[in-house]
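Let me begin by presenting the structure, written as structure tokens, before commenting on it.
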Amino acid sequence: GSAATTPGFCLTFDHRSPGSLQQLLANVRTELPDYYAPWMDVAANLPHLIEGHQLRREVAKMPLLSTQYLRGHRQLRLARLALGFITMGYVWQGGSRQTVKILPRVLAVPYCTISELLDLPPILVYADCVLANWKKRDPCGPLNVENLDILFSFPGGDSNKGFFLVSLLVEAAAATGIKAIPMIINAILHHDRCSLETALQDVALSICKMREAFKLIHECVNPGAFFRSLRIYLSGWKDSFLMPEGLVYEGVWDSPKQFSGGSAAQSSTLQCFDVLLGIQHRAAQGFSAEYLGCMRDYMPAAHRAFIQTLASGPSLRQFVLATGDAGLRAAFNKCVLALVDLRSYHIQIATKYITIPAGRCRAEQQQLGGCVHEGTSVLSERGTGGTGFMRFLKVVRDTTRKAQLTEQ
Ligand code: HEM
Ligand SMILES: Brc1ccc(-c2csc3nccn23)cc1
């Protein structure tokens with residue numbers, strides 16, 4: 001791997017290490033030993049079982065399997081992915097009206113055992129359903145929408161696939177920018193302005209490519225399907241009015257536990273670029289600064305460690321300012337502005353896919369007098385037409401914009 005080696009400060013990419021950022025691109029193994037067929041069959045059939053109201057019956061028939069036959073990081077990630085989808089389906093299959101308060105032991109025991117081994121919370125996270133939920137149709141083919149498929153899905157049809165795969169492609173576009181980070185740290189430690197400027201240009205280009213990949217969302221995700229179905233399943237049970245105590249993990253803990261619903265604040269790449277550029281997000285409308293920080297506990301341990309190491313390393317901002325070099329300042333600001341553009345584009349997407357359908361849904365509600373079930377994930381702002389998360393997204397975008405370096 002590439003490493004910035006100096007006493008006391010070492011940033012490495014070990015392509016072999018589990019959870020490395022490169023793991024995103026390595027083909028996830030799509031099969032486990034047959035012994036785990038009961039999990040894989042239910043997870044692979046989830047939309048059908050949920051729509052047919054058979055999921056609970058299927059889970060009741062499940063044997064309590066041992067996790068000892070899982071070999072290595074990839075199999076643990078795949079087993080966790082399958083159990084995560086089943087768990088979310090099991091809790092939310094009845095919408096917000098009949099939520100489940102107890103996760104049966106045949107799911108809870110192995111799910112918590114594997115989550116403990118992977119140092120991840122026993123709830124579906126971004127690293128599961130975006131980073132590990134894909135396979136190439138043709139293993140030798142390219143990493144693009146035509147040659148990719150997701151492994152597991154919730155009800156909501158192809159919009160699931162679109163949402164998860166487009167997020168994956170945005171992450172994949174970030175890879176070159178992430179790889180430039182050790183070079184940036186190295187260049188700072190060696191006062192090498194030329195290499196630093198080149199590496200910053202790589203980061204800016206990579207973030208522009210992320211925005212390009214983002215455009216695929218329009219042809220791959222249908223707003224209505226997304227808003228109505230998928231987002232409920234990403235909801236969590238922390239500070240949730242639907243599950244005020246949280247979820248009982250039967251056979252694991254005897255009191256209910258709370259865990260946050262899925263959020264892309266769990267994406268390590270955006271948090272890496274924020275830390276690299278010294279962008280600190282402070283409290284914003286309902287989402288406190290620690291919200292972004294807490295979400296690091298919902299990332300793979302290797303990603304969390306990488307961000308921590310980056311945050312404790314030399315400050316790029318201070319270095320660029322100290323040189324007083326206009327070229328470096330310009331290269332730095334190009335990275336910041338690329339991030340602002342990406343977040344602005346993302347806000348347009350969130351408006352099209354949540355705020356507008358939410359408004360339409362509320363109008364229907366008023367006519368029908370009924371009340372559509374609302375999840376509790378940030379993707380499904382209750383009743384407020386999404387002002388909560390929208391303000392959060394705008395504050396994060398505006399904080400990014402303020403991070404530009406001005407002439408001292
Ligand atoms: C239909 C498409 C999408 C919708 C409706 C959507 C909606 C949202 C919402 C509501 C939030 C704020 C709450 C939260 O963290 O979950 C959010 C955050 C976020 N989303 Fe998405 N999103 C979409 C696609 C994407 C894609 C493709 C990416 C690419 C990686 C992405 C990256 C992020 C990031 C990084 C955050 C955290 C806030 C930030 O760092 O700016 N989103 N999104
Ligand atoms: Br779990 C889970 C967590 C996050 C996401 C996701 C991918 S892109 C995006 N913006 C907001 C959320 N989000 C999907 C599943």
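Throughout, residue positions are numbered sequentially from 1 according to the sequence presented. Every number for a ligand or one of its atoms is a count from 1 in the order of the listing. These numbers were taken from a predicted model, which means no experiment stands behind them.
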Give the atoms of ligand 2, by number and element, whose distance to some non-hydrogen atom of [X] is under 4.0 Å.
| X | answer |
| --- | --- |
| S167 | 7 (C), 8 (S) |
| C129 | 1 (Br), 2 (C), 15 (C) |
| G262 | 1 (Br), 2 (C), 3 (C) |

Problem set entry | Candidate list K61, R56, Q54, test side-chain hydrogen bond (donor to acceptor under 3.5 Å, both in side chains), partner E58, passing option |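 Among the candidates, only K61 passes.
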Problem set entry | Aromatic centroids of Y298 and Y126 separated by under 6.0 Å |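 No; Y298 has its ring centre 6.0 Å or more from that of Y126.
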For this session: Identify, by atom number and element, the atoms of ligand 1 in contact range of I354, meaning under 4.0 Å from any of its heavy atoms.
Result: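 Every atom of ligand 1 under 4.0 Å from some heavy atom of I354: 5 (C), 10 (C).
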Problem set entry | Proximal ligand 1 atoms for A265, defined as those under 4.0 Å from one of its heavy atoms |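 Counting atoms of ligand 1 from 1, those under 4.0 Å from A265 are 15 (O), 37 (C).
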Short question: side chain of [X], backbone of [Y] - any donor-acceptor pair under 3.5 Å?
| X | Y | answer |
| --- | --- | --- |
| Q271 | S268 | no |
| W253 | E250 | no |
| Y111 | A79 | no |
| N147 | D138 | yes |

Exercise. Are any non-hydrogen side-chain atoms of F152 and L46 less than 4.5 angstrom apart?
Worked result: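 Side-chain contact under 4.5 Å: no.
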Exercise. For atom 22 (N) of ligand 1, which candidate among H346, Q266, R211, E171 provides the closest heavy atom?
Worked result: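 Heavy atom nearest to atom 22 (N) of ligand 1 belongs to H346.
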For this session: Return the option from A174, S159, S167 holding the heavy atom at the smallest distance from atom 27 (C) of ligand 1.
Result: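 Closest candidate by heavy-atom distance is S167.
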Does any N/O atom on [X] come nearer than 3.5 Å to any N/O atom on ligand 1?
| X | result |
| --- | --- |
| R343 | yes |
| S267 | no |
| Y353 | no |

Exercise. Quick one: do E212 and K209 make a salt bridge, cutoff under 4.0 Å?
Worked result: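 Not counted as a salt bridge, because no side-chain N and carboxylate O are separated by less than 4.0 Å.
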Exercise. With the threshold set at 4.0 Å, does a side-chain nitrogen-carboxylate oxygen contact exist between D158 and K161?
Worked result: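 No, no charged N to carboxylate O under 4.0 Å.
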Please work out whether any backbone atom (N, CA, C, O) or any side-chain heavy atom from C-beta onward of [X] is under 4.0 Å from ligand 2, and answer side chain, backbone, both or neither.
| X | value |
| --- | --- |
| V125 | backbone |
| A264 | both |
| S263 | backbone |

Problem set entry | Which segment of L393 sits under 4.0 Å of ligand 1 when only heavy atoms are counted |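 L393 to ligand 1: side-chain contact only, backbone stays beyond 4.0 Å.
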Problem set entry | Structural part of M210 in contact with ligand 1, heavy atom criterion under 4.0 angstrom |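 It is neither part, as no heavy atom is under 4.0 Å.
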For this session: Examine ligand 1 and decide if any of its atoms is less than 4.0 Å from a heavy atom belonging to Y126.
Result: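 It does, in that a heavy atom of Y126 comes within the 4.0 Å cut-off of ligand 1.
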Problem set entry | Nearest-0.5 Å distance that lies between atom CG in L151 and atom CG in L78 |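 CG of L78 is found 6.5 Å from CG of L151.
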